[in-house]
2 protein chains.
Amino acid sequence: MTDTVRKYALDKIQQKDFNCAKEYTLSMFSGKYKIVILYQLHYDGEMRFGEIQKSLSNATHKVLSQQLKELGEDGLIDRKEGLVNNRKAVFYSLTTTGETLMPIIEMVFSWGTKRLEKLQIDDTTI
Amino acid sequence: MTDTVRKYALDKIQQKDFNCAKEYTLSMFSGKYKIVILYQLHYDGEMRFGEIQKSLSNATHKVLSQQLKELGEDGLIDRKEGLVNNRKAVFYSLTTTGETLMPIIEMVFSWGTKRLEKLQIDDTTI
DNA sequence: CTGTATCCCATTCGATACTG
DNA sequence: CAGTATCGAATGGGATACAG
């Protein structure tokens, strides 16, 4: 009897862990622009604030600033201050933890690409 | 000259496609409970509405209904009506398209698990 | 150039009640 | 049992202005 209870509890805990782990990961790049920022930093390497903003033509600088801050707090990107022409310059780059997300992001990209192609074909052949 | 313009446009389109594809995929399971629902349906197979709800102890009736509806519209899950003891019974299951999301979900789960373990270790050793 | 504060709007989710 | 309608609360993001 205690065993069935224990088993139930273990299942419950595992269940919870499952959900938490998945939702935790999603929360890493669910903010607006986050997944794109990570993608850019991976392929372009270190980027300045303004460069990132230019690559996201629709991003407000307030929101971009927010997203970068959160990505930093989550340990996915690094922030370094420097000087360029005597003016403050901030450089962002992926951390090694951030790099470990790339395989997921690549899959997310390729799944979406294939799916959108498929949907387009379906649309035009109807 | 027209070539540089064209190249720019292609880059732009590609860029846009990149962003769209990634964000499209994320939108597939960004709703509350969606990723968990997909995960459950994969491992438990066909499930009834009430069963899914039981497995998500915190899910409201209404929200669960919404999420299932959207997952259906996105072609990720199937909905079948039937009768059990002369009462309406609805069965949900993954479509083949839904199944193609599983590799991503597995990676999302395992990344989160490892990351949370790491963070816990870091916390307790500080 | 980079970042923050404020205000507003839109969307999402929860609680509840109602239908077949 | 499964689903919908309505309302209120919370959250996220856009616009703008301001600061170091």
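Each chain gets a letter, A, B and so on, in the order its sequence line appears, and its residues count up from 1.
- Of the side-chain N and O atoms in A:Y33, none sit less than 4.0 angstrom from OP1 or OP2 of D:dG12.
- The separation between A:E81 atom CD and C:dT2 atom C1' is 9 Å, rounded to whole Å.
- If you measure from atom NZ of A:K54 to atom C1' of C:dT2, you get 13 Å, rounded to the nearest angstrom.
- Residue A:K32 has its side chain nearest to D:dG14 when only C:dT2, D:dG3, D:dG14 are considered.
- Residue-level contact check: B:F91 touches neither bases nor backbone, having no heavy atom under 4.0 Å from any strand.
- Across every non-hydrogen atom of B:T60 and B:Y33, the tightest pair is N-OH, 4.5 Å.
- Between B:K88 and A:K88, it is B:K88 whose nearest contact on DNA chain D lies nearer the 5' terminus.
- For the segment residues 61-71 of chain B, the set of residues with a heavy atom within less than 4.0 Å of an atom of DNA chain C comprises B:K62, B:V63, B:Q67, in numerical order.
- In this structure, A:K22 forms a cation-pi arrangement with B:F109, its terminal cationic atom sitting closer than 6.0 Å to the ring centre and no more than 45° off the ring axis.
- The CG atom of A:L101 sits 6.5 Å away from the CG atom of A:L38 when rounded to the nearest 0.5 Å.
- Per the geometry, CD1 belonging to B:I37 stands 14 Å off P belonging to D:dA2, to the nearest Å.
- At C:dG3, one or more side-chain N or O atoms of A:Y92 fall inside 4.0 Å of OP1 or OP2 (strictly under the cut-off).
- In this entry the distance linking CD of A:Q53 with C1' of D:dG13 reads 15 Å, nearest Å.
- Look at NZ on A:K80: it is 18 Å from C1' on C:dC1, rounded to the nearest Å.
- For the pair A:K80 and A:Y92, the cation does not sit on the ring face, since its NZ or CZ is not both under 6.0 Å from the ring centre and inside 45° of the axis.
- Of the candidates D:dA2, C:dG14, C:dC1, the closest approach to any side-chain atom of A:R48 belongs to C:dC1.
- Distance, A:L56 CG to D:dG13 C1': 14 Å, rounded to whole Å.
- Of the candidates C:dT16, C:dT2, D:dG14, C:dT16 carries the atom nearest the B:T60 side chain, counting heavy atoms from C-beta on.
- Take A:R79 and apply the salt bridge (Lys or Arg N to Asp or Glu O under 4.0 Å) test, not counting sequence neighbours, and it matches A:E81.
- The side chain of A:R87 contributes no N or O atom lying less than 4.0 Å from OP1 or OP2 of C:dT2.
- Going from atom CZ of A:F49 over to atom P of D:dA19 covers 18 Å, rounded to whole Å.
- Residues A:Q40 and A:I52 have side chains not in contact (no heavy-atom distance under 4.5 Å, counting atoms from C-beta outward).
- Considering only heavy atoms from C-beta on, A:L64 comes within 4.5 Å of A:I37 through its side chain.
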